[in-house]
Novice: 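For reference, the structure I am asking about is given below.
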Amino acid sequence: MFFHLFFTKMNWGYFSTPQTTCCLGMKNRACAVPRGKALGGSSAINAMMYARGNRYDFDEWVELGNPGWSYEEVLPYFIKSENSQVDGDPDYHGKTGFWNVAYTSPASPLLSKFFNASLQMNQPIVDYNGRKQIGSGRVQFTIKRGKRQSTGKAFLDNARQRRNLEVKSNVLVTKIIIDKTKVAKGVEFVTKHKKFFVKAKKEVIVSAGVVNSPQLLMLSGIGPKDHLKALEIGVVEDLPVGMNLREHALFPGLVYNTNYTLSNRSTEEFVKQYLKGLGTYTRAAGIDGIGFIHTGQGNRAPTIEYLFVPPTGIKTKIVSKAFNYNDNLSNNFLNKLDPQRGVVIHLILLHPKSRGRITLKSNDPLDFPYVDLNMLSEQEDIDTVIEGIEFIRDIFQSDAFKKIDARPLEIPVCKELRKQYREYWECVIRQMTTTIYHPHGTTAMGPDKKTSVVDGDLKVHGIQKLRVVDAGIFPTSPSGHLNAPTVMVAEKIADIIKRKYRFS
Ligand SMILES: Cc1cc2nc3c(=O)[nH]c(=O)nc-3n(C[C@H](O)[C@H](O)[C@H](O)COP(=O)(O)OP(=O)(O)OC[C@H]3O[C@@H](n4cnc5c(N)ncnc54)[C@H](O)[C@@H]3O)c2cc1C
C-alpha cells in the first residue's frame with residue numbers, strides 16, 4: 001500500500017515546478033514531492049527503510065564548523081532511540097529505545113541470488129548500519145511485527161500520558177511571532193477558520209519539514225531579503241532559507257523480467273499473511289535488499305546506493321501514477337513489468353552536487369510553496385549515475401541472475417541516441433529519474449549566516465529562542481535514508497534543551 005498512501009489526505013501532495021534537467025518523462029515535467037501530513041510527519045507515509053548513513057558524513061559536519069556532530073558523538077543518539085531486532089554488529093545497535101527496527105519475514109527466495117551476485121561483484125554482505133557500510137545487506141525496517149512504526153507511534157504514543165505534552169492536530173501554523181528585539185515569542189496558528197496565538201515560555205522549535213519549515217520562516221520574515229521584499233514581507237533576518245535544497249535522485253530504469261515466479265498465491269492469501277505481519281506485502285514498495293558502493297577516487301562515504309526489489313505480485317500501475325510518469329513511460333515501461341516475475345534494482349545518487357530551492361508562491365500561508373528540485377543540473381551527478389548503472393547492469397549479468405534468465409525491459413525513450421553510449425544514458429536518466437523523497441538542506445546548519453540558517457545547536461542565526469529541528473538542517477547529504485538521522489538530530493537537541501532548562 002506504500003504508493004497508495006500518496007493519494008490520501010495524509011500526503012500534502014506537492015509537485016516540483018516543471019524541470020529542465022530531470023523529471024522530463026513526468027507529466028508537466030514535474031516530479032511528485034510527497035510529504036506526510038499526520039502525526040509522525042513523513043514517517044507516517046514513508047517506505048520505513050532504516051539506514052543511518054556513513055561515519056564520514058557526520059565527521060564532515062564537524063569539518064564544516066559544527067562541533068559535536070562527529071560520528072562518535074552522534075552514534076549514541078542513533079543507539080538511544082533504537083529497539084533493534086536485527087542480527088547487526090554488536091556495539092552499533094540499541095535494544096531499549098522506543099523505535100523498533102526489524103527485518104520483514106520471511107526474506108524473498110531471491111534475496112540469496114542478490115547476495116550471491118553481490119559477492120561476485122566483490123561486495124561483502126554487511127550490516128550497513130554497523131561497522132562497515134559498503135557492501136550489500138538485508139533491509140532493516142522501522143516496523144514492529146511487520147507493521148509500520150512511524151515516529152508518531154514510536155515516540156508520541158509513549159509520551160501521551162505526560163502532563164507537559166499537549167498535541168493539537170488539524171492545526172496549521174501560519175507565522176512565528178518575533179518581537180522588535182528579534183526574540184521569538186510564540187506562534188500563530190489557524191484551526192477551523194479561527195486564528196490563535198500560543199505563547200512560548202522558553203523557546204519555539206520549528207519541525208515542519210524541509211518544505212514547510214522554510215515556508216514558515218519566510219512567512220515570518222526570515223529568509224533571502226530580495227525574495228521577501230518582492231512578496232511584501234517585512235524582513236526580520238536575511239538568511240539563505242530554502243536555498244541549498246538537496247535531493248537523493250532515484251533512477252528506476254533497471255527493470256528485468258525473469259523466469260522465476262513468485263508464487264501462485266491469491267491476493268487474499270497475501271493479505272491474510274500480511275495481517276499476521278508476514279510476507280511480501282509487509283515490505284514497503286517490495287524492497288528486500290540494499291547495498292552501497294563507492295564510485296570514483298578515495299574511500300570515504302559511498303556514492304551510490306542500490307535497492308533490490310524482487311517480484312511483489314502487485315501491478316505496477318500505481319507506481320507509474322506515483323512517479324507521475326507520462327503516458328509513454330506508464331504504458332510502455334513499468335506497466336510491462338510482470339508482477340510475478342519482474343525484478344528491479346533502483347539506483348540512488350547519495351551525494352548530489354546539484355542544488356534546488358524552495359520559494360514562496362505568495363505571502364498566503366495556505367499557498368503551497370514552489371519546490372524547484374533542479375536535480376542533475378551538475379554534470380558530475382550524471383557521470384556518477386552512469387557509473388552506478390554500469391555496476392547494476394553487471395549485477396544482472398552475474399551467474400545468479402543468469403540462472404533465472406534476467407532480461408531488461410526495453411526503455412521506451414531516447415531510442416534515437418542508442419548508438420551514442422553516454423548521450424543515450426544521459427538522456428534516459430534525465431527522462432526517468434525521480435526522487436527517493438529525501439529532500440534536505442533547506443535550513444542548513446553552519447557557522448556562517450551567509451551560507452547557513454541555523455548554528456550547531458540548531459538556533460536560527462540572528463534570532464533568539466528559535467530553533468529548527470528537522471531534515472532541513474543537514475549541511476550535507478547523509479549516505480542513506482533520512483528518517484534515522486532526523487531522529488538522531490532530534491534526540492541530540494532534546495538532550496541539549498534538557499541540559500539548558502533542567503534547573504529553570
Ligand atoms: C514517500 C516517502 C518515502 C520515504 N521513505 C523513507 C524511507 O524508507 N526511509 C527513511 O529513512 N526516510 C524515508 N523518507 C524520508 C523521511 O520520512 C523524512 O526525511 C523524514 O520523515 C523527515 O522528517 P522531518 O521531521 O524533517 O519532516 P516531516 O516528517 O515531513 O514532518 C513535518 C511535519 O510538520 C507538519 N507541518 C508542516 N507544516 C506545518 C504547519 N504549517 N503547521 C503545522 N504542522 C505542519 C507536517 O504535516 C508533518 O507532520 C520518505 C519520505 C517520503 C515522503
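Counting starts at 1 for both ligands and their atoms, in listed order.
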Novice: Under the side chain to side chain donor-acceptor pair (under 3.5 Å) definition, can you give me all pairs with a residue in residues 132-141, not counting sequence neighbours?
Specialist: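 Qualifying pairs: Asn54-Gln133, Ser118-Ser136, Asp127-Gln140, Asn129-Gln140, Ser136-Tyr306.
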Novice: One thing to verify: whether Asp495 and Lys498 come together as a salt bridge, which I'm taking to mean a side-chain N less than 4.0 angstrom from a carboxylate O.
Specialist: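 Looking at Asp495 together with Lys498, the answer is yes, because their closest N to O distance falls below 4.0 Å.
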Novice: Under a 4.0 Å heavy-atom cut-off, which residues neighbour ligand 1?
Specialist: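 Within the 4.0 Å shell of ligand 1, which is judged on heavy atoms, sit Phe2, Phe6, Trp12, Pro34, Arg35, Gly36, Lys37, Ala38, Gly41, Ser42, Ser43, Ile45, Asn46, Ala47, Met48, Met49, Val171, Leu172, Val173, Ser207, Ala208, Gly209, Asn212, Tyr437, His438, Asp470, Ala471, His481, Leu482, Asn483, Thr486.
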Novice: Got a sec, which residues hit disulfide bond (SG atoms under 2.5 Å apart) with Cys31, two or more places apart in sequence or on another chain?
Specialist: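 So Cys31 forms a disulfide bond (SG atoms under 2.5 Å apart) with Cys23.
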Novice: Will you find, in the side chains of Tyr50 and Arg52, an N or O donor that is under 3.5 Å from an N or O acceptor?
Specialist: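 Checked: Tyr50/Arg52 side chains pair up, N/O donor to acceptor below 3.5 Å.
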Novice: Do other residues, nucleotides or ligands put more than 12 heavy atoms under 6.0 Å from the NZ atom of Lys147?
Specialist: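 Yes, because the 6.0 Å sphere around NZ of Lys147 holds more than 12 heavy atoms from other groups.
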Novice: Do any pairs count as a side chain to side chain donor-acceptor pair (under 3.5 Å) and have a residue in residues 31-45, sequence neighbours left out, and if so which ones?
Specialist: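 Sorted pair list: Ser43-Thr151.
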